[in-house]
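Reading through the C-alpha cells given below for one structure.
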Amino acid sequence: MNEELAKIFYEIAIYFEMDDVPFKPQAYEKAAVVLETLSEDVEKIYKKEGIKGLEKLPGIGKNIAEKIIEYLKTRKIKEYEKLKKKIPVKLGELMPVEGLGPKKIKILYKKLKIKNLKDLERAALAHKIVPLFGFGEKTEKNILEGIKFLKRNKGRFLLGDILPSVRVIYEKLKNLKEVKKISLAGSLRRMKETIGDVDFLVVSDKPKIVMDFFVSLAGVVKVWGKGATKASVRMKAGYDMDIRVVPEKSYGSALQYFTGSKEHNIATRKIAIDKGFKLNEYGIKKEEDVYKALGLPYIEPELRENTGELNNKLPKLIGYDDILGDLHVHCDWDGGSNSIEEIAEAAGKMGYQYVGIADHTKFLRIEHGLDEKQLLQRNKEIDRINLKFKIKNLKFRVLAGCEANILGDGTIDIEDKVLAQMDFVIAGVHSQMKMSRGEMTERIIKAMRNPNVDIIAHPTGRIINRRDEYLVDVNQVLRAAKETGTILEINASPYRLDLKDTYIKKAKEAGVKMVINTDAHNLEQLSLMEYGISQARRGWAEKCDIINAWPLEKFLSFLKI
DNA sequence: GCCGTTTTCGGCCCGACTGTTTTCAGTCG
C-alpha cells in the first residue's frame, strides 16, 4: 500500500511540475519518499490512529493525509485521476528516459500525442521531434539512445553485481600519478543494495589528464557531459559512471555532496541556511568539517538517507572487521563445493574464531538435504575436526548446525531429538511461499516457538528485483522473536539482503538480536559478508545487536539451549 | 502542500551542463 501511494504521489508531483505549480511538486515528492521508506503500513496507521496518525508523519499534512484516506477507501484519488486525464501519459515509462522531464513530456504529448515509450520511439525514428520548439537534432538522437539503454537495462543494478568490477577501475584510477586522492561516492559509497550509477570523486591538479584517462578506460562505450571537471561514461556492462575532479581544498565538501543521498543533502543544506550560511560542494577540505560546521557529529555514509540521522543520537555502527564467525555455510555434504576442513581453514584465514556449517535438510531434496542419520554422521566429522584443532592448540571452532525447513504447518522437517544435538539450528521457509499473511506469520512464529530453533533464515524471503517478500507480518514476527529469544538472520547474499535495512532498524528497536550470514555454498562466497555488514549498518545495527560479532562463549550462551 | 527554539504566514537546496537559443529553461545529481 505504501508503495502504491508513493508512486501516485511521485506522479502527482510530476504533473504539478509540468504546469509550473510552485512548491507542490517538492511537497508531494517528499510525501512519496516518506511513504516509500516507512516500515509501518499506512493503512494500519490509519486504522489505529486515524487521520491524526497520518499527519504525524513528516511531510504529510492535512491535505495529503486526506488523499491517503481517499485512496484507502476508494482505491482512487480524484485529483490524481483528473491530472492523468489531462495528460494521459505513462510517466513510469517516459520519465526514466534520459533527458526527458516533465516539461518535455508535456510538449511531446501536446504536439505529438506521445503517451508511452513506443509512441516516443516511433516519433523519434520518423524525425518528428526535431522541429518541436525547444527540441532539436541532438535531443532526438539522445531520446533514441535513452530508449535503447532502457530496453537493455531494466531498473537499477545490484550492488553485488557491480562492486567487484568497480573496485578494479578504482585501483586503476588510484594508480594514476596525477590522482592525489580518490573516493567512491553516491549510492555505492552508501552501499545501497541497488545502485543507479557509479560515482568517483578525485583530487588532482591536472583534471584534464584524469578525465582523458577516465573516458578511455577499457569497457567505455559512450562519453557525454565532459566538461572541465566532470564527465560521464557508459560501460559495456550497461552501467554509467560519473567522475568529478576537485581541488584538494574542496575535497571534503565535494565528498559530502556527491555521497548524498539527495534527501540527506537537501536536509543538510536547510540546516546550513538556518545557521546563516550556504552549503555547496566547495571550500572544505575534510568531510568531518562539513558536519562540524553544521553542528553535527560525523555521519557514516550508510546512514545518510535523511531517515533520522540528522536529529537523533547516532549509533556506534558495527564495523566491517567486527564479525567473528559466519554461521550459515553449506559444505559438500549437501552439495556445496567445499569440505568442512577447507571451509574452516578459509574462515580462519579471514580472522574468524568460528564457523557454523548449516547444510540443508531432507525436505529440500533438490539441494541434497540431509536426513537425521546423515546430520549425525556429519556432526561426527565436525567433532573429529574440532578435536584436531584442539590437539594443535588452535582456538578455532567449527559449529554443527543445519538450515532446516519450516514446513507449511510450522513444524520442522527434522526430529526434535536430532535438532537438540546441533550446536545451533537455522530454520527457513523454502516452500509454499504464497500463503496468506495470517497463515505465513503463524507458520513462522510456530517455528520460533520450537526451543531447538535458534535462527530464522532470510526471514522475508525476498529476492531483490525478482521475488517479493512473502506476505508476513514483520511486527508480529519481531514480537515473537523477542519473546522466544529467536535470532533473525541478515542474509548477506547480494541477491537477498534479507532482512532489509528498515526491518533491521525495527528489529534493533524491538530488542531482537540478529546474525549476519553469507549462506555461502563455496569459499568465494564467504566474502559476501561485506554486503551483509553494510546492510546491517544501513539498519543502524551495532555490535551488541549482531551475535556473530560476539566472542564464541557469549554467543553460544545466548542460544536457546 | 508542508512547516515552525525568531513565524499559523511566508518561506521552501544548490550548481553544472546541455541544447536550444541569443540569454536561458530544462534536466540531472
Side-chain angles (χ1 to χ4, degrees), chain A residues 9 12-18 20-34 54-68 79 94-108 129-143 145-146 185-190 195-201 207 211 223-232 240-246 250 253-254 256-283 290 294-295 306 310-311:
Chain A
F9 289 150
I12 292 178
I14 294 164
Y15 280 124
F16 280 135
E17 225 162 293
M18 286 180 183
D20 260 330
V21 178
F23 306 113
K24 285 192 189 187
Q26 294 91 311
Y28 276 97
E29 209 177 297
K30 168 101 195 280
V33 173
V34 167
L54 298 176
E55 285 185 54
K56 261 193 266 170
L57 298 169
I60 291 174
K62 184 166 174 287
N63 218 295
I64 291 185
E66 278 171 358
K67 290 201 167 53
I68 293 174
E79 182 159 15
L94 297 177
M95 279 299 285
V97 177
E98 259 180 77
L100 282 194
K103 304 284 168 62
K104 290 215 164 99
I105 289 174
K106 185 180 177 183
I107 294 173
L108 288 170
I129 289 174
V130 176
L132 295 180
F133 184 79
F135 291 74
E137 297 261 357
K138 286 228 169 137
T139 319
E140 189 176 87
K141 200 172 138 247
N142 287 341
I143 285 173
E145 277 184 26
S187 50
L188 252 174
R189 181 161 182 244
R190 304 200 310 281
I195 60 154
D197 58 14
V198 178
D199 297 289
F200 289 105
L201 181 70
M211 305 258 290
V223 179
W224 73 99
K226 190 161 176 258
T229 59
K230 65 183 278 189
S232 301
D240 294 345
M241 304 201 300
D242 294 336
I243 193 167
R244 279 294 285 254
V245 184
V246 296
S250 290
S253 38
Q256 193 280 329
Y257 170 60
F258 290 115
T259 297
S261 67
K262 190 176 154 209
E263 289 74 23
H264 177 87
N265 284 353
I266 289 172
T268 48
R269 285 170 179 208
K270 279 183 183 157
I271 294 173
I273 289 168
D274 288 345
K275 291 198 173 287
F277 58 94
K278 192 169 77 172
L279 179 61
N280 61 22
E281 56 262 51
Y282 300 103
V290 176
L294 295 170
N306 194 27
L310 294 168
N311 36 31

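Computation of the quantities below employed the complete heavy-atom set of this structure, encompassing side-chain atoms and omitting hydrogens, waters and symmetry-equivalent molecules. A quick note: this is a predicted structure, and the numbers were derived from the prediction, not measured. Convention: sequence-line order gives letters A, B, ...; per-chain numbering from 1.
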When the P atoms of B/dC3 and B/dC13 are considered, how many whole Å apart are they?
-> 14 Å
By side chain to side chain donor-acceptor pair (under 3.5 Å), A/Glu55 pairs with (sequence neighbours left out) none
Return the value, rounded to whole Å, for the distance between atom CG of A/Leu188 and atom C1' of B/dG29.
-> 15 Å
Is it the case that more than 12 heavy atoms not belonging to A/Phe277 sit under 6.0 Å from its CZ atom?
-> yes
salt_bridge(A/Lys103, A/Asp20) N-O dist < 4.0 Å = yes
Between atom OH of A/Tyr257 and atom OG of A/Ser250, what is the distance when rounded to the nearest 0.5 Å?
-> 13.5 Å
Each nucleotide of nucleotides 1-13 of chain B classed B (base within 4.0 Å of a protein heavy atom), S (only sugar-phosphate) or -, in 5' to 3' order, makes BSS--------BB
With sugar-phosphate meaning primed atoms plus P, OP1 and OP2, does A/Phe133 contact a base, only sugar-phosphate, or nothing at under 4.0 Å between heavy atoms?
-> nothing
Rounded to the nearest angstrom, tell me the gap between atom CD1 in A/Ile271 and atom C1' in B/dC14.
-> 15 Å
Could you state the CD-C1' distance from A/Gln256 to B/dG15, rounded to the nearest angstrom?
-> 14 Å
Please state the P separation for the pair B/dC9 and B/dA16 - nearest whole angstrom.
-> 38 Å
Side-chain N,O (A/Lys104) to OP1/OP2 (B/dG26) below 4.0 Å | no
Looking only at atom C1', what distance separates B/dA25 and B/dT20, rounded to whole Å?
-> 9 Å
A/Lys103 atom NZ is separated from B/dT27 atom C1', nearest whole Å, by 10 Å
Nearest-angstrom distance from the residue atom CH2 of A/Trp224 to P of B/dC28 = 12 Å
Quick note, A/Asn280 side chain, CB onward, closest among B/dC14, B/dG29, B/dT27 is B/dC14
Quick one: on DNA chain B, does A/Glu281 or A/Asp242 contact a more 5' nucleotide (nearest heavy atom)?
-> A/Glu281
Flag the pair A/Glu137 and A/Lys141 as a salt bridge only when some basic side-chain nitrogen lies within less than 4.0 angstrom of an acidic carboxylate oxygen.
-> no
With rounding to the nearest 0.5 Å, note down the distance linking CD1 in A/Ile105 to CD1 in A/Ile14.
-> 7.0 Å
Could you work out the separation of B/dC28 and B/dT22 based on their P atoms and round it to a whole Å?
-> 23 Å
Using the P atoms only, state how far B/dG4 lies from B/dT8, rounded to an integer number of Å.
-> 13 Å
Interatomic distance where CD belongs to A/Glu137 and P belongs to B/dT20 [whole Å] = 8 Å
For A/Gly99 and for A/Lys226, locate the closest nucleotide of DNA chain B by heavy-atom distance; then report the residue assigned to the nucleotide nearer the 5' terminus.
-> A/Lys226
Show the atom names and distances, to 0.1 Å, of all donor-acceptor pairs under 3.5 Å that link a side chain in residues 23-30 of chain A to residues at least two apart or in another chain.
| unit_1 | atom_1 | unit_2 | atom_2 | d |
| --- | --- | --- | --- | --- |
| A/Tyr28 | OH | A/Lys67 | NZ | 3.4 |
| A/Glu29 | OE2 | A/Lys262 | NZ | 3.2 |

Spacing between A/Ile129 atom CD1 and B/dG19 atom C1', to the nearest angstrom | 14 Å
P spacing across the pair B/dT21 / B/dG26, given as an integer number of angstrom | 13 Å
To the nearest Å, give me how far apart CD (A/Glu98) and P (B/dG19) are.
-> 12 Å
Interatomic distance at P, B/dT6 relative to B/dC2, whole Å = 23 Å
Once you round to the nearest 0.5 Å, how far does NZ of A/Lys106 lie from CG of A/Leu108?
-> 12.5 Å
Could you please name the partner base of B/dT8, counting Watson-Crick and G-U wobble pairs only when both distances are under 3.5 Å?
-> none
Picking from B/dG29, B/dG15, B/dG19, which would you name as closest to the side chain of A/Tyr282?
-> B/dG15
Check A/Asp240, A/Ile143, A/Asn142 against A/Glu98 for a side-chain contact (heavy atoms from CB on, under 4.5 Å) and give me the one that passes.
-> A/Asp240
Just checking A/Lys106: base, sugar-phosphate only, or nothing, at a heavy-atom cut-off of under 4.0 Å?
-> nothing
Taking the C1' atom of each, how far is B/dT18 from B/dT23, in whole Å?
-> 15 Å
